[in-house]
Asker: 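Submitted below is the structure of interest, expressed as structure tokens.
Labels below follow one simple rule: chain letters A, B, ... track the order of the sequence lines, proteins then strands, and each chain is numbered from 1. Since the model is a prediction, treat every value here as computed from it, not as a measurement.
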Amino acid sequence: MQVKTRFSPSPTGILHIGGARTALYSWLFAKRYNGKFLLRIEDTDINRSSNFYNNSIMKGLKWLNLNWDEGPYFQSNRLARYNYVIKLMLENKIAYKCYCSTERLLNLRKKQITLGKKPKYDEKCRNIPDDYYNSNISYVVRFRNPKKGKVVFLDQVRGKIEFWNDELDDLIIKRSNGFPTYNFSVVIDDYDMKITHVLRGEEHINNTVRQINILQSLEKKAPIYAHLSTILNHNGKKISKRDKDSFFDVLEYKKLGFFPEAIINYLLRLGWSHGNQEIFTIKEMKKFFSLKKITKSSSLFDKKKLIWINKRYMNILSKSDIINELKIFYLKQKVEIKNGPDIKQVFELMKNRCSSLTDVVESSRFFYEELIIDYEKLKENINIKNVFILKFFLKKIIFFHDWKVEKLSKLLKLCSLELGISFSKVGKIIRLSLTGKEHAPCITSILYLLGKKKCILRIKNFIKIFE
RNA sequence: GUCCCCUUCGUCUAGUGGUUAGGACAUCGCCCUUUCACGGCGGCAACAGGGGUUCAAAUCCCCUAGGGGACACCA
């Protein structure tokens, strides 16, 4: 039997961290057993589904390199199949037409809730003859759920889960607009598409038993289920794809210049473990991934750890790949790199101090753009008297020709010695004049990369402003 | 309200009857250092509570509490 998993989002929201993890686990599980991973778009809710979300979900998956071997299938293209099965179910009395109005259902619910009962359909139409109502009256189709006994299934992460059938009611499988509902279409699709393992969020545990009942009524075998716990936000609340907070938007991390490999690595460890290992290559993930090691409890999304992993990947990933990507980010952030230092060298200087590619671009902007010195702001931070240090240094470098890191370092030390001023004071004002910032990478590297001409220009400008 | 699921440092987790309860992120301290970072070393920090079972319980059983989910013509 070939393993086949699926990711089946509904295009009613963006691909968020939680969805991405579900997709990752499904993908990994399939890959682990040389199986297939399938993408299915569950768009039976025509009012809320949109093409925009469709595209954004697929874009996110592709960016993360979670490529599907089959699909994407769209449920909206499979209506004929669903209707065919529903017709059969009607004929076999597995399902029945329900003519109850939305208002009646709503009132029923209200009444049950106020009475402290579990809201359930009261089966008003369960036993009426097929031709009882005029055929023009709109109706829905309900599944005739078994009334006795219980449903049991072995969840791959949680173990045995059981529900009494009398907790369930006759769910709608076909809406009055002719579209099937989730719980029905998912059953037909998983069966038709030969899905062997269903990995999905734990909010579906309750649905699973309903789905198993439908499957059993059709005399079909159920797939193996694994329900993943929820990823919560920093407040311990469930994150939702309708969440406006871009914090959980996968594509937002693409925009910020995070590495897909790092996101994958973070997501893998959020709810799964392999001893004490934190960093995994894709190959290792495929080799080690197992359902048994997935945690049952829900976990909080921790951006700080994601950042740490992303930093690690600055050093793990192929340098030339990063450089190519980095070029795109300079372009996007409108930094003209043509007339500045080589970005390979700049990246070397920045990689251990930046958390993402946009961070690298922003932190290295000063290499490529003219400085805008905010006099008023700096005035408070520097001792204007110290400008003489710059004048001294300027004289030194005008006639300095051996523009190399080690030589510049020596020159700097010499200045500090000759002036009788601490290295840190000398460095501070030079750094400020060259970068406009108080904190920057190693001063000699900056001198070197910026080049003599620009250094002289910047120092002169700086002196002018503060005189 | 009913049903289902969950509970080890602040966070992610290791742990399957005997451990000084381990690691990572975060945090704090020290070292390195011309700033900031990086790096190195170290510290703080957890078995939700109560009952059992057992020579022995984070680990097995029961109860309680807390958190989450489901109860739609959403998925």
Asker: Within the 4.0 Å heavy-atom criterion, would you say Leu300(A) contacts the bases, only the backbone, or no part of the nucleic acid?
Answerer: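 The answer is sugar-phosphate, as Leu300(A) gets under 4.0 Å only of primed atoms, P, OP1 or OP2.
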Asker: Answer yes or no: side-chain N or O of Asp302(A) and base N or O of A26(B) forming a donor-acceptor pair under 3.5 Å.
Answerer: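 Not at all, since no donor on one side and acceptor on the other fall under 3.5 Å apart.
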Asker: Want to settle it: does Asn206(A) or Ile172(A) sit nearer the 5' end of RNA chain B, counting the closest nucleotide to each?
Answerer: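 Its nucleotide being nearer the 5' end, the pick is Asn206(A).
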Asker: Between C5(B), U35(B), C71(B), which nucleotide gets closest to the side-chain atoms of Pro119(A)?
Answerer: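 Between C5(B), U35(B), C71(B), the one nearest the side chain of Pro119(A) would be C71(B).
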Asker: What distance, rounded to whole Å, do you find between the two P atoms, one in C60(B) and one in G17(B)?
Answerer: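 That atom pair is separated by 9 Å.
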Asker: How far, in whole Å, is U53(B) from C62(B) if one measures between their C1' atoms?
Answerer: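 Result for the C1' pair: 11 Å, nearest Å.
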Asker: So what's G39(B) paired with, Watson-Crick or G-U wobble, going by both distances under 3.5 Å?
Answerer: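 Because both required distances fall under 3.5 Å, G39(B) counts as paired with C31(B).
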Asker: So does Pro341(A) get a backbone contact from the side chain of Tyr368(A), meaning a donor-acceptor N/O pair under 3.5 Å?
Answerer: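 Judged by distance alone, yes, a pair lies under 3.5 Å.
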Asker: Aromatic rings Phe289(A) and Tyr25(A): how do their planes relate, parallel, tilted or perpendicular, breaks at 30° and 60°?
Answerer: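 The rings of Phe289(A) and Tyr25(A) sit tilted, inter-plane angle from 30° to 60°.
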Asker: By the 4.0 Å heavy-atom rule, please label Ser176(A) as base, sugar-phosphate, or nothing.
Answerer: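 Answer is base: heavy atoms of Ser176(A) come under 4.0 Å of a base.
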Asker: Is the Phe259(A) to Tyr266(A) ring centre distance short of 6.0 Å?
Answerer: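 Aromatic pair excluded; centres sit 6.0 Å or further apart.
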Asker: Which nucleotide, C3(B), G68(B), C25(B), lies nearest any side-chain atom of Glu202(A)?
Answerer: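 So the nucleotide nearest the side chain must be G68(B).
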Asker: Has Lys293(A) got a side-chain N or O lying under 4.0 Å from the OP1 or OP2 atom of G15(B)?
Answerer: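 Yes, Lys293(A) has a side-chain N/O under 4.0 Å of OP1/OP2 on G15(B).
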Asker: Is Ser422(A) touching bases, backbone alone, or none of the nucleic acid, heavy atoms closer than 4.0 Å?
Answerer: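 Nothing, no nucleic acid heavy atom in range.
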Asker: Just to be sure I understand the rule, does Arg431(A) reach a base, reach only the sugar-phosphate, or reach nothing, if contact means heavy atoms closer than 4.0 Å?
Answerer: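 Result for Arg431(A) = base.
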Asker: Hey, which of Lys147(A), Arg142(A), Arg144(A) is the one that makes salt bridge (Lys or Arg N to Asp or Glu O under 4.0 Å) with Glu123(A)?
Answerer: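 Exactly one option meets the salt bridge (Lys or Arg N to Asp or Glu O under 4.0 Å) with Glu123(A), and it is Lys147(A).
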Asker: Across the strands shown, which category fits Gly201(A) at heavy-atom distances under 4.0 angstrom: base, sugar-phosphate, nothing?
Answerer: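 It contacts nothing in the nucleic acid.
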Asker: Under the 5.5 Å and 30° test, is Phe423(A) stacked on the base of U34(B)?
Answerer: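 Stack criterion met.
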